[in-house]
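Keep in mind that the numbers below use all heavy atoms, side chains included, and drop hydrogens, waters and symmetry copies. Counting convention: from 1, in listed order, for ligands and their atoms alike. Sequence positions, counted from 1, serve as the residue numbers for this chain.
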Amino acid sequence: MSKKYTRREFIKISALGTGALAVGSGLMTDWWSLDRPSIEDPKTDGDRIVPTFCEVCFWKCGVLAHVRNGRITKLTGNPNHPLSNGKLCPRGAGGVGMLYDPDRLKKPLIRSKKRGEDVFVEVDWNTALDKVAHELKAIRQKYGPEALALFSHGCGGSWFTQLMKAYGSSNIGAPSYAQCRGPREAGYSLTFGQSLGSPESIDIAHARCITLIGSHLGENMHNTQVQELAAAIDAGAQLVVVDPRFSVAAGKARYWLPIKPGTDIALLLAWMNVLIEEKRYDVDYIREHATGFDELKAHVADKTPEWAFGVTGLEPKLIRDSLRLIASARPASLIHPGRHTTWYGDDTQRARAMAILAALLGSYGRRGGYISSSKMPIPAYSTPSSTHKPRSPADRPKSGGFPVADEVLASGLRQASIPGTAAYDIKGWLVYGTNLMQSLPNPKETIEAIQHLDFIATIDTMPAEICGWSDVVLPECTYLEREDDLYSAQYQQPFVAIRQEVVPPLHDSKPGWWIAKELAARLGLGAQFPWHDARVYLRKRAEAGGLDWTRLEKSGVVLGKRTPVCEEEGLKPAFGTESRKIELFSAELKTLGADPLPNFYPPEEPPPGMFRLLSGRSPVHTFGRTTNNQLLLESFPENEVWINTAASKAISGFGRALKNGDKVRLVNQDGARSMPVKVKVTERIRGDCVYLVHGFGHTSKGLGRANGRGASDSELTTRYKTDPLMGGTGMNVNFVRIENHEG
Ligand SMILES: Nc1nc2c(c(=O)[nH]1)N[C@H]1C(S)=C(S)[C@@H](COP(=O)(O)OP(=O)(O)OC[C@H]3O[C@@H](n4cnc5c(=O)[nH]c(N)nc54)[C@H](O)[C@@H]3O)O[C@H]1N2
Ligand SMILES: Nc1nc2c(c(=O)[nH]1)N[C@H]1C(S)=C(S)[C@@H](COP(=O)(O)OP(=O)(O)OC[C@H]3O[C@@H](n4cnc5c(=O)[nH]c(N)nc54)[C@H](O)[C@@H]3O)O[C@H]1N2
Ligand code: SF4
Ligand SMILES: [Mo]
């Protein structure tokens with residue numbers, strides 16, 4: 001790799017170390033200063049530029065890949081793409097580090113020792129694919145096709161979804177639902193009749209007040225949202241941040257509410273109390289659009305800020321003042337819905353409380369609030385329809401449950417792999433682009449499930465921990481070396497984007513479409529993949545949707561007609577609930593025997609000497625998928641455990657106050673111990689919790705740079721609390737003590 005791209009300056013991140021801010025006040029341009037003079041102008045260096053879209057996270061920004069002498073020299077944001085607007089986040093810009101990572105999976109592997117011992121032999125593709133097909137046939141024959149599950153995350157998963165459907169199983173789950181946004185989707189859907197999906201249809205750009213409840217934008221780097229947040233702040237929007245930790249965004253906020261973890265519902269109820277008590281809510285909007293207001297009013301009548309103070313630790317004056325600011329901006333007062341919402345097991349109810357607050361502000365369907373979106377219809381590629389009607393997914397317990405889940409639960413599929421727990425047993429796993437050892441809580445349970453399987457194959461780009469537990473490992477090429485299916489976004493500005501091969505696959509890696517097609521052929525399902533290659537498939541689909549293929553290829557994106565998205569543009573607010581109104585009081589939850597209005601139940605307290613373990617994101621990393629990426633590691637080489645200054649003075653076993661850089665181990669309530677991790681002593685977190693960036697503490701020996709760096713929050717997440725409504729796994733319910741690493 002040419003030297004200039006390994007330099008620390010590649011991504012100008014100096015702001016991070018000092019805790020300064022990535023957002024607002026012109027820092028944005030510094031943050032993304034990738035077109036600095038030291039990197040040649042592509043227009044003058046004879047480069048080829050290939051448009052595609054990013055896969056360093058799941059936001060899917062439009063990328064222009066610059067190629068010289070067959071190598072990608074840099075990645076920049078596609079100016080025509082609505083999600084990047086010409087800019088990438090630091091991770092996207094560093095995606096080339098994934099492509100040239102020396103530790104990539106290079107050849108197909110077949111396990112040669114016991115599962116989990118991580119010992120494999122390299123084989124050729126024919127041998128590997130024959131083996132997978134043989135095992136999948138055996139499962140189909142012995143148990144029926146439904147005994148196969150697919151865990152998948154990322155665009156390329158669609159080829160394997162297609163394969164699964166042809167094979168006859170609907171057991172297809174992603175940790176981005178039951179371990180991520182599931183509770184939010186359920187809570188908003190119960191209230192407004194529609195879930196939010198991705199990218200969320202929220203109008204940060206035009207909001208005059210933005211309330212972030214745990215959403216740590218600025219560290220959570222979803223590109224478009226961070227750009228809009230910075231622009232909104234520059235235009236004078238106010239920020240209210242509720243977080244036990246002084247996040248990057250909190251540094252920009254008018255009010256920071258350092259809430260006691262797990263008590264957000266109490267704060268939300270108190271805010272509603274003040275909003276209604278002081279008649280600051282949108283009376284006309286509620287009268288016209290909502291049901292259940294009287295019940296809500298009675299429900300929050302005694303949930304005063306004084307009551308909430310005792311629970312949340314937030315001063316009544318702070319609760320009132322922040323609420324008055326929030327109300328003053330309505331309807332352009334955005335309660336950000338959050339995304340990773342699996343925190344305490346009561347998460348659907350917290351999302352409900354947020355949705356109800358948004359309704360009282362009249363912001364749903366309004367500019368600066370929750371807006372509408374549309375999608376360009378692209379017909380599916382036509383293939384013969386299957387005669388097999390698969391059984392319902394096995395992701396729910398035998399006894400039933402999770403009535404408002406509307407996607408398959410990855411954790412439920414894991415459960416169903418432990419015999420006798422679900423309607424039927426799962427006996428085989430295909431794992432695509434998800435490192436289940438880090439993304440599902442309680443890794444021991446994942447191992448137990450795997451030990452019961454007849455077969456497990458993983459399709460990955462890197463030797464992640466899940467590969468070590470697999471029978472066959474298939475090396476996919478990276479997103480910069482392949483085609484994936486068209487991305488038709490559901491967005492305020494509808495568009496279709498294309499992912500295309502920028503450089504040919506390195507090593508002996510192959511694109512997902514090819515792997516799925518080859519497996520289908522071996523399983524007698526070739527008719528479901530009737531095209532010669534993905535480009536033929538894409539072109540045919542694009543043209544069937546009336547798109548200009550040449551334009552799509554050249555510019556990477558085609559925009560659709562933008563239709564009105566809010567009341568100010570002439571679109572009346574509409575709701576998909578049964579009553580066609582906003583359901584402040586949920587009749588559906590009442591029927592289900594659940595709380596029809598959100599109630600606060602106190603979370604379990606940390607035992608003496610222990611802290612609640614919280615986790616979040618680093619702006620330059622995506623989970624564990626970038627922690628071996630040389631370019632990104634240079635900016636943030638390992639995680640630290642944040643601990644409050646006062647608390648750091650009273651940790652037993654040290655004989656002195658902890659100081660920055662001390663190495664400690666975290667030990668949780670069940671005895672799980674982390675690898676050594678550095679301490680960061682800071683006033684920027686409450687004294688009852690500690691904080692880690694998720695994605696570090698890798699144990700896979702194949703990850704040369706990431707192995708042994710920092711601590712894994714996943715390993716310490718042995719306990720989780722399941723949301724009874726939608727099956728999300730609340731993960732902020734673990735407690736750790738701090739142990740001297742040297743001692
Ligand atoms: N750079 C980067 N950006 C990303 C990702 C990434 O990996 N890297 N991943 C993307 C994905 S998939 C997702 S889902 C999002 C996740 O990002 P978000 O949805 O923004 O955040 P969470 O991970 O839910 O929350 C982390 C924050 O919640 C705070 N917190 C913890 N407990 C509580 C509590 O009880 N109450 C309150 N109010 N706050 C609490 C933590 O201190 C932390 O600041 O980020 C996306 N963006
Ligand atoms: N403890 C804990 N657990 C969590 C979270 C947390 O904060 N803490 N966050 C949760 C959230 S918000 C989410 S969305 C999920 C995300 O969880 P996952 O979806 O599992 O995400 P990653 O950990 O990024 O796993 C990505 C895997 O995909 C591989 N990969 C990367 N690119 C490609 C590719 O192009 N093709 C293939 N085949 N593989 C590829 C990587 O090498 C890695 O092994 O985790 C959830 N689980
Ligand atoms: S937000 Fe960053 S990492 Fe995610 S898709 Fe966009 S550029 Fe890539
Ligand atoms: Mo997520």
Residue and atom name of the nearest protein heavy atom (relative to atom 5 (S) of ligand 3), distance in Å to one decimal: K60 N, 3.3 Å
Criterion side-chain contact (heavy atoms from CB on, under 4.5 Å) on L666 and L692, from CA distance to verdict: CA-CA 11 Å; L666 307 179; L692 282 177; 4.0 Å; yes
Distance-only N or O hit between ligand 1 and S618, under 3.5 Å: yes
With rounding to the nearest 0.5 angstrom, report the NE2 to CG distance, H694 to L614. 14.0 Å
Any nitrogen or oxygen of M221, main chain or side chain, under 3.5 Å from a nitrogen or oxygen of ligand 1? yes
Classify the angle between the aromatic ring planes of F696 and F636 as parallel (below 30°), tilted (30 to 60°) or perpendicular (above 60°). tilted
Checking the N or O distance criterion of under 3.5 Å, is ligand 1 in contact with T263? no
Could you tell me which atoms of ligand 1, counted from 1 in the order shown, lie closer than 4.0 angstrom to a heavy atom of Y344? 32 (N), 33 (C), 34 (C), 35 (O)
Looking at CG of D460 and CZ of R625, how far apart are the two atoms once the value is rounded to the nearest 0.5 Å? 8.0 Å
Examine the side chains of T729 and Q179 and answer whether a donor and an acceptor come within less than 3.5 Å of each other. yes
What part of E55 sits under 4.0 Å from ligand 3 if we count only heavy atoms: the side chain, the backbone, both or neither? neither
Heteroatom proximity flag, C180 to ligand 1, N/O under 3.5 Å: no
Using a 4.5 Å cut-off on heavy atoms from C-beta on, say whether the side chain of F309 contacts that of L314. no
Consider ligand 1: state whether an atom of it lies below 4.0 angstrom from any non-hydrogen atom of S615. yes
Non-hydrogen atom of F623 closer than 4.0 Å to ligand 1: yes
Check this for me, if you would: do K721 and D346 make a salt bridge, where the nitrogen-to-carboxylate-oxygen distance has to be below 4.0 angstrom? no
Enumerate the atoms of ligand 1 whose separation from the nearest heavy atom of P619 is less than 4.0 angstrom. 1 (N)
Between F53 and Y487, how do the two ring planes meet: parallel, tilted or perpendicular, split at 30° and 60°? tilted
Which of the numbered atoms in ligand 1 are under 4.0 angstrom from any heavy atom belonging to V242? 37 (C), 38 (N), 39 (N)
Quick check: does C61 have an N/O/S atom under 2.8 Å of atom 2 (Fe) of ligand 3? no
Could an N or O of ligand 1 be found under 3.5 Å from any N or O of H340, whether backbone or side chain? yes
Consider ligand 1: state whether an atom of it lies below 4.0 angstrom from any non-hydrogen atom of P244. yes
Could you pull out the closest heavy-atom pair between S648 and V681, with the gap in Å? OG-CG1, 3.6 Å
The reported gap from CG in L325 to OG in S333 (rounded to nearest 0.5 angstrom) is 7.5 Å
State plainly whether the residues E200 and R181 are in salt-bridge range, i.e. N to O under 4.0 Å. no
Give the numbers and elements of all ligand 1 atoms closer than 4.0 Å to a heavy atom of L614. 31 (C), 32 (N)
Does C54 bring an N, O or S atom to within less than 2.8 Å of atom 8 (Fe) of ligand 3? yes
Any non-hydrogen atom of K260 lying under 4.0 Å from ligand 1? no
Considering only NZ, NE, NH1 and NH2 on the basic side and carboxylate oxygens on the acidic side, decide whether R482 and E476 come within less than 4.0 Å. yes
Identity and distance of the protein heavy atom lying nearest atom 3 (S) of ligand 3: C57 N, 3.5 Å
Can you find an N or O of E219 that's nearer than 3.5 Å to an N or O of ligand 1? yes
Around atom 2 (Fe) of ligand 3, find the nearest protein heavy atom and jot down its residue, atom name and distance. C89 SG, 2.4 Å
